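Scroll down for the structure; my scribbles are underneath it.
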Amino acid sequence: MSLRFVHVSDIHLLDLSGVRPWHYFNKRITGRVNLAIKRRRQHDERIFHRAVESGIALGAERLVVTGDLTNLSLPSEFAHVKARLETIGLPVTVIPGNHDAYTRGVVRADLFAKSFGAFMEGERAGAPYPFVQRFGDTALIGVSTAIASLPLYATGAVGTAHLERLDGVLEQLGDEGLARVVLLHHPPVAGVSKPRHDLLDLAKFGEVIARRGAELILHGHEHRTLETSLAGPAGEVPVHGIASGTSRSHRPQRQAAFSLYQVDRHRIHRELYTWNGTSFAAAHA
Ligand SMILES: [Fe+2]
């Protein structure tokens, strides 16, 4: 049994209807609201819907979103994204990004889980992350790197206990012979992210992959379509980043994009589609 799915990321759907006026007078939130309004000009929700439509036409069975579904972690944004995803036409898997985890310095993991719990159902090792969703011979492994960070910082971390659980999950699923697809928001490869934008414990994440391996690692965060790799016990593990699924940019690598993956046990096929201003077209992956 195979799995055919669409990977998108960083859709940043904006809904400020829940922002009460006093939020604008709170210094911490003001800068973020301004950034979100600026970002709104760079993103178009309709492009995301076109990506999903294209994926459905190409036979996708599932939509995977690797974080930053919102901008400010506002209740109104979560409600908006939830309503969109519930009627998107495909089963959905999500993990949180840094934008889904802040408001006034409080980690809004509770709000993320409450809003999107249905998209993160799966096996767990005694904690919310990682979660494992099995589809025949394929396992999607959802990791959270979302931590509350200071304004203008967009760092992430997996955390020691979480990495230990991931280690065990990868070992077990590897022993079962499943194709392990790890999902995390931040790029886990050194030198990819800008400073203050990076995964703080990527070296430790890399050690887990070197020890246990994985068949594919997917991320977002950088709003760029990227291909890197991490060393695994039996060779390099492909690490694919995808640009924002709502980007209006025409710049190479930064145009809106989605990947279509076909996972057949030990064979993973990827097709990359990029937005050309009017439609999504196949690109060289
Ligand atoms: Fe991000």
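Quantities reported herein were computed from a predicted structural model and do not represent experimental measurements.
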I would like to know whether Glu215 and Ile268 meet side chain to side chain contact (heavy atoms under 4.5 Å, CB included); could you show each step before the answer? CA-CA 8 Å; Glu215 279 56 57; Ile268 296 174; 3.8 Å; yes
Those residues at least two apart in sequence (or on a different chain) that pass side-chain contact (heavy atoms from CB on, under 4.5 Å) with Ile209 are Leu170, Phe205, Ala214, Ile217, Leu230, Val237
Interatomic distance, Arg224 atom CZ to Gln253 atom CD [nearest 0.5 angstrom]: 6.0 Å
Could you tell me whether His185 and His219 have their ring centroids closer than 6.0 angstrom? no
Could you pull out all residues at least two apart from Phe131 that satisfy ring pair (Phe, Tyr, Trp, His ring centres under 6.0 Å)? none
State, with a plain yes or no, whether a side-chain heavy atom of Thr155 is found less than 4.5 Å away from one of Asn98. no
Determine whether the side chains of Ser193 and Glu222 contain a donor N or O and an acceptor N or O closer than 3.5 Å. yes
Mind checking the CZ-CD1 spacing from Arg248 to Ile47? Nearest 0.5 Å is all I need. 6.5 Å
In sequence, state the C-alpha distance, the side-chain angles, and the governing distance for Ile141 and Leu183, and then conclude on side chain to side chain contact (heavy atoms under 4.5 Å, CB included). CA-CA 6 Å; Ile141 302 160; Leu183 314 172; over 6 Å; no
With Arg46, which residues qualify under salt bridge (Lys or Arg N to Asp or Glu O under 4.0 Å), at least two apart? Asp44
If we ignore hydrogens and angles and just use 3.5 Å, is the side chain of Gln133 paired with the main-chain N or O of Ala139 as donor and acceptor? no
With sequence neighbours left out, which residue pairs that include part of residues 253-262 fulfil the salt bridge (charged side-chain N to carboxylate O under 4.0 Å, His left out) condition? none
I'd like to check the side-chain contact (heavy atoms from CB on, under 4.5 Å) partners of Glu61; sequence neighbours left out, ordered by chain and number. Leu3, Arg4
What pairs with Phe5 under ring pair (Phe, Tyr, Trp, His ring centres under 6.0 Å), at least two apart in sequence or on another chain? Tyr261
Rounded to the nearest 0.5 Å, how far apart are CG of Leu85 and CG of Leu69? 6.0 Å
Just by distance, no angles: are the side chains of Thr66 and His7 close enough, under 3.5 Å, to form a donor-acceptor pair? yes
For Thr225 against Ala243, the heavy-atom pair lying closest together: OG1-N, 3.2 Å
Pairing residues for Glu86 by the salt bridge (Lys or Arg N to Asp or Glu O under 4.0 Å) criterion, not counting sequence neighbours: Lys82
Indicate if Leu184 and Val132 have the same hydrophobic cluster label, given that clusters are the connected sets of ILVMFWY residues with side-chain heavy-atom separations under 4.5 angstrom. yes
Under 3.5 Å, is there a donor-acceptor pair between the side chain of Glu171 and the main chain of Asp167? no
For His197, enumerate each residue passing the ring pair (Phe, Tyr, Trp, His ring centres under 6.0 Å) test, keeping only those at least two apart in sequence or located in another chain. His221
Just wondering, do Ile147 and Leu200 contact through their side chains at under 4.5 Å, heavy atoms? yes
Donor + acceptor pair across side chains of Asp10, His223 (<3.5 Å): yes
Aromatic ring centroids of Phe78 and Phe116 under 6.0 Å? yes
Compare all side-chain heavy atoms of Ser247 with those of Trp275 and state whether any distance is below 4.5 angstrom. no
Got a sec, which residues hit side chain to side chain donor-acceptor pair (under 3.5 Å) with Ser244, two or more places apart in sequence or on another chain? His43, Thr246
Step by step, would you call Met120 with Ile95 a side chain to side chain contact (heavy atoms under 4.5 Å, CB included)? CA-CA 7 Å; Met120 298 190 289; Ile95 55 162; 5.5 Å; no
Identify the heavy atoms of Gly55 and Phe258 that sit nearest to each other, and give their distance. N-CZ, 4.1 Å
Any sub-3.5 Å donor-acceptor pair from Asp68's side-chain atoms to His99's backbone N or O? yes
Thr145 side chain reached by Tyr129 side chain, heavy atoms, under 4.5 Å: no
Listed by chain and number, what are the side-chain contact (heavy atoms from CB on, under 4.5 Å) partners of Thr274, not counting sequence neighbours? Gln255, Ala257, Leu272, Ala283
Qualifying salt bridge (charged side-chain N to carboxylate O under 4.0 Å, His left out) pairs, either residue in residues 122-139, two or more places apart: Glu123-Arg134, Arg134-Glu176, Asp137-Arg265
Ile242 versus Val8: any side-chain heavy-atom pair under 4.5 Å? no
Mind checking whether Phe135 and Leu173 sit in one hydrophobic cluster, side chains of I, L, V, M, F, W, Y counted as touching below 4.5 Å? no
Separation of Tyr273 OH from Ser54 OG (nearest 0.5 Å): 8.5 Å
Going by atom types only, do Arg62 and Thr93 share a side-chain donor-acceptor pair under 3.5 Å? yes
Do you know the tightest heavy-atom contact between Ala60 and Leu260? CB-CD1, 4.0 Å
Same cluster (ILVMFWY, side-chain, under 4.5 Å), Val208 and Leu140: no
Tell me, do Val64 and Val6 make a side-chain contact under 4.5 Å, heavy atoms counted? no
Taking all non-hydrogen atoms of both residues into account, name the closest pair between Val239 and Pro188 and its distance. CG1-CD, 3.8 Å
Minimum heavy-atom separation for Ser73 and Ala101, please, with both atom names. OG-N, 3.0 Å
I need the Asp264 CG to Gln262 CD distance, nearest 0.5 Å. 4.5 Å
Hydrophobic clustering (ILVMFWY, side-chain heavy atoms < 4.5 Å, transitive) - are Leu226 and Leu216 grouped together? no
Could you give the distance from CZ (Arg180) to CZ (Arg212), rounded to the nearest 0.5 Å? 10.0 Å
Residues passing the side-chain contact (heavy atoms from CB on, under 4.5 Å) test with Thr278, sequence neighbours excluded, are Asn276
Just by distance, do the side chain of His12 and the backbone of Thr70 share a donor-acceptor pair under 3.5 Å? yes
Under 3.5 Å side-chain donor-acceptor pair for Glu45 and His80: yes
Less than 4.5 Å apart, any side-chain heavy atom of Asp198 and any of His186? no
Does one hydrophobic cluster hold both Val182 and Leu202, with members joined at side-chain heavy-atom distances below 4.5 Å? yes
Do Leu199 and Val158 have side chains that get closer than 4.5 Å, going by heavy atoms? yes
